[in-house]
Asker: 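Submitted below is the structure of interest, expressed as structure tokens.
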Protein chains: 2
Amino acid sequence: MNDFSHVTTPAFLVDRSIVEQNCARMRNKALASGVAFRPHVKTHKTIEIGRMQHGGATGPITVSTMAEAEFFADAGFRDITYAVPIAPEKLPRAAALAARIERLNILLDSETALRAVEAFHGAHGTVFDVFLKVDCGYHRAGVDPNDPDSARLAIAISRSPAAHFQGLLTHAGHSYNADGVDEVRRIAAEEIESLSRFRAVLGMDELTRSIGSTPTASIADTFADTDEVRPGNYVFFDAFQATLGSCTRDEVAVSVLATVVGSYPDRGQAIIDAGALALSKDISPEHLDPNFGFGLVCDVDLHPLNARLISLSQEHGKIATSMPLPVGTRLRIIPNHSCLTAAMYDRYNVIKNGAIVDEWRPVRGW
Amino acid sequence: MNDFSHVTTPAFLVDRSIVEQNCARMRNKALASGVAFRPHVKTHKTIEIGRMQHGGATGPITVSTMAEAEFFADAGFRDITYAVPIAPEKLPRAAALAARIERLNILLDSETALRAVEAFHGAHGTVFDVFLKVDCGYHRAGVDPNDPDSARLAIAISRSPAAHFQGLLTHAGHSYNADGVDEVRRIAAEEIESLSRFRAVLGMDELTRSIGSTPTASIADTFADTDEVRPGNYVFFDAFQATLGSCTRDEVAVSVLATVVGSYPDRGQAIIDAGALALSKDISPEHLDPNFGFGLVCDVDLHPLNARLISLSQEHGKIATSMPLPVGTRLRIIPNHSCLTAAMYDRYNVIKNGAIVDEWRPVRGW
């Protein structure tokens, strides 16, 4: 049973009970493992879920933009890691925020960035809490832990008057490219090992080893040989995570409600009013299932339909289906990548037992 | 010369002079052709550019969401076509808007939608201004002009007490899939011919024939055998339109300003702080150039660099390049699809002669 009939489409639906379950499961795993829990808030960007991630409190969090950092700080979150390598131009803003909360950790992975931090320190006296980003195999950002230059940079941070060297941080983003759970497990082991090995080389046992990606954190039974975990997508999950095996389909908390606005049974197609701006053009499950399309098409009660979302333009989604989908039919699309889909909405329709019970507003922009 | 040093990144830059030129060129072509001009506002979603499209006035426009329709109506635009087939659930909102402006045209392409319009009319008395959507070969929405059922639907609209039948509307979206200007010309001819032929079959010469896509409208020297044109993307253009031949690169009015936050010369890569949320994951130029990537990487003065934007995650963009791109370097990315990129921003930084001169705020959501 559901009561979405009054909701204008497209709309982003968040199942509160599932989010609560997802939040509790990951938090309990971290607590039981005895590691610090610093969940990422970039997937949902809402104060409400930020608190749920900590069982109702304002605990340590990870953010992907300075706008998120400031938004959560305004709501009482006092310990924040900004987990994108800092651009020198953002140091004044980071310093201003650091001055009004307990801790803002910034990230760097280059001598150039360290020099910028030191120049800022020279001019303003700010001492930044710094994590060194380490590349555990994803090859996006981070230093190579096997490169002697990386150790030199770590030592330079540890000796810099501009930095409190807090730890080593890595993100196993390549777990998203895995072909299944076994490969995710192998990547999870690398993620952990890369930091422990590098820290041992440095001989700096006081450094926090911070890891986190939703695939590696979700398949782990427990967190060992690490100090802090930072998953984020797990609050919502999505069609990609369910395809990869990070979650079951029932654990996906979000969907986009859409209405059929065109029906073309002669060519086996229908058009919905959810397009690229309502879903995002992410095709992340494609490497696991080349025919996946732009989201999982379900009926309004979330039973998957024999239908594929084959293309998106700005405000139209095209579905290939042999089923009759008359104009006016309501559908729900489980998004491929909930982080990108959620960010398209100014407000989330929060549902419980099939009815709208609340509205949450995420922070936007940078 | 430019002065963007104080702008925090990522930022969406709109060159006012280029937008003005693009607006004037298309408007003048429509005026010289003697056709009605009803430009689409979905690309920019701002009142400022909506007025520029009409040489400073509030003329007829086309919108892709009811939120756009209401936003522009609030700013004095009185004649609006909502150019997505109407969902029955949106009729109350459409009726409310229609009651407070001169004309709101809605679109339909099915008997089911017409019945919904008639049911609403029966309950509330509203008579809607209606366009029949015609499929000129794109095969997204619209009726097949060669199918006898389509003529029957047109006749039903013309006789319905719930509708003022205003015209036939088509969109040659398949021009985006063309392999170059010659194919775009062929599609443009089809776009025009499909409506004229169908109108002749109906014998309803009073119906407006409304066409419009930026590729077909841009390559046309003049608009003949049609009554109304509705291009939209031409105000900004983008990397895709330049690759297809709708415009030159110098006619692209928008770019995303980004900062290099990671530099990895050993593997020929750099990371910028513009990811999927700053650019969108559109890869539209890919069918014309398989190595195009997620946007055209330029220096801050918009000279293209020997660099490719090979992947995007939420807040990171990965560039493959043999050039040194030290941390802190400012770059500009010409987006692949400006409609989707613009929609990621709450405000546009308006530039003129390389300096920020204004800030415009687009409408969002649905």
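In what follows, chains are A, B, ... by sequence order, proteins preceding strands, each numbered from 1. In this text the structure is predicted, and so the values were computed from the model without any measurement. Only this structure's heavy atoms are used, side chains among them; waters, hydrogens and symmetry mates stay out.
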Asker: Determine whether B/P88 and A/V327 make a side-chain contact, defined as any pair of heavy atoms from C-beta on separated by less than 4.5 Å.
Answerer: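 They are in contact (side-chain heavy atoms under 4.5 Å apart), so the answer is yes.
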
Asker: Out of A/G142, A/S280, A/P326, which one racks up the most heavy-atom pairs below 4.5 Å with chain B?
Answerer: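 That would be A/G142.
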
Asker: Quick one: what part of A/Y176 sits under 4.5 Å from any heavy atom of chain B, side chain, backbone, both or neither?
Answerer: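 Contact with chain B is absent: no heavy atom of A/Y176 under 4.5 Å.
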
Asker: Answer whether the closest heavy-atom distance between the side chains of A/I86 and B/V261 falls below 4.5 Å.
Answerer: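 Answer no - side chains too far apart.
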
Asker: Got a sec, which pairs hit side-chain hydrogen bond (donor to acceptor under 3.5 Å, both in side chains) with one end in residues 141-150 of chain A, sequence neighbours left out?
Answerer: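 Qualifying pairs, neighbours excluded: A/D149-A/R152.
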
Asker: Given a strict heavy-atom distance threshold of 4.5 Å, which part of A/L277 is in contact with chain B: side chain, backbone, both, or neither?
Answerer: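 Both backbone and side chain of A/L277 come within 4.5 Å of chain B.
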
Asker: Can you tell me which of A/H6, A/H316, A/R93, A/K281 forms the most heavy-atom pairs within a distance under 4.5 Å of chain B?
Answerer: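 Heavy-atom pair counts peak at A/H316.
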
Asker: Quick one, B/S311 and A/R140 - any side-chain contact, counting heavy atoms below 4.5 Å?
Answerer: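 Sidechains of A/R140 and B/S311: no contact.
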
Asker: For a 4.5 angstrom cut-off between non-hydrogen side-chain atoms, does A/R364 reach B/M344?
Answerer: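 No, their side chains stay 4.5 Å or more apart.
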
Asker: Out of B/L340, B/T259, B/L108, return the one with the most heavy atom pairs under 4.5 angstrom to chain A.
Answerer: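 Ranked by contacts with chain A, first place is B/L340.
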
Asker: Can you tell me which of A/I283, A/V84, A/T112, A/T65 forms the most heavy-atom pairs within a distance under 4.5 Å of chain B?
Answerer: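 Greatest number of close heavy-atom pairs with chain B: A/V84.
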
Asker: Most heavy-atom pairs under 4.5 angstrom with chain A, which of B/K133, B/H337, B/K90, B/R330?
Answerer: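 When all of B/K133, B/H337, B/K90, B/R330 are compared, B/K90 has the most.
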
Asker: Just by distance, with hydrogens left out, do A/T9 and B/E89 show a side-chain donor and acceptor under 3.5 Å apart?
Answerer: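 Their side chains do contain a donor-acceptor pair, which is all the 3.5 Å distance test asks for.
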
Asker: For the side chain of B/Q314 and the backbone of A/K42, is there at least one donor-acceptor N/O pair under 3.5 Å apart?
Answerer: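 At least one qualifying donor-acceptor pair exists.
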
Asker: Looking at B/A343, B/S110, B/P85, B/G275, which makes the most heavy-atom pairs under 4.5 Å with chain A?
Answerer: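 Sorted descending by pairs with chain A, the first entry is B/P85.
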
Asker: Using only heavy-atom distances, determine whether the side chains of A/D109 and B/Y264 contain a donor-acceptor pair under 3.5 Å.
Answerer: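 Per modelled atom types, A/D109 and B/Y264 side chains form a pair under 3.5 Å.
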
Asker: Does B/E118, at its CD atom, have more than 12 non-hydrogen atoms belonging to other residues, nucleotides or ligands within less than 6.0 Å?
Answerer: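 More than 12 within 6.0 Å, yes.
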
Asker: Which one wins on heavy-atom pair count under 4.5 Å against chain A: B/V7, B/T8, B/D273, B/V143?
Answerer: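 Option with the greatest count: B/T8.
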
Asker: Quick one: closest heavy-atom pair of A/A141 and B/R267, and the distance?
Answerer: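 Scanning both residues completely, I find the closest heavy atoms to be N-NH2, 4.2 Å.
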
Asker: How long is the span from the CD atom in B/E315 to the SG atom in A/C339, to the nearest 0.5 Å?
Answerer: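 Reported value, rounded in 0.5 Å steps: 10.5 Å.
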
Asker: Any idea which of A/S263, A/A278, A/G365, A/A113 has the most non-hydrogen atom pairs under 4.5 angstrom with chain B?
Answerer: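 Top option by heavy-atom pairs under 4.5 Å: A/A278.
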
Asker: Between A/F12 and chain B, with a heavy-atom cut-off of 4.5 Å, which part of the residue counts as in contact: side chain, backbone, both or neither?
Answerer: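 Neither part, no heavy atoms under 4.5 Å.
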
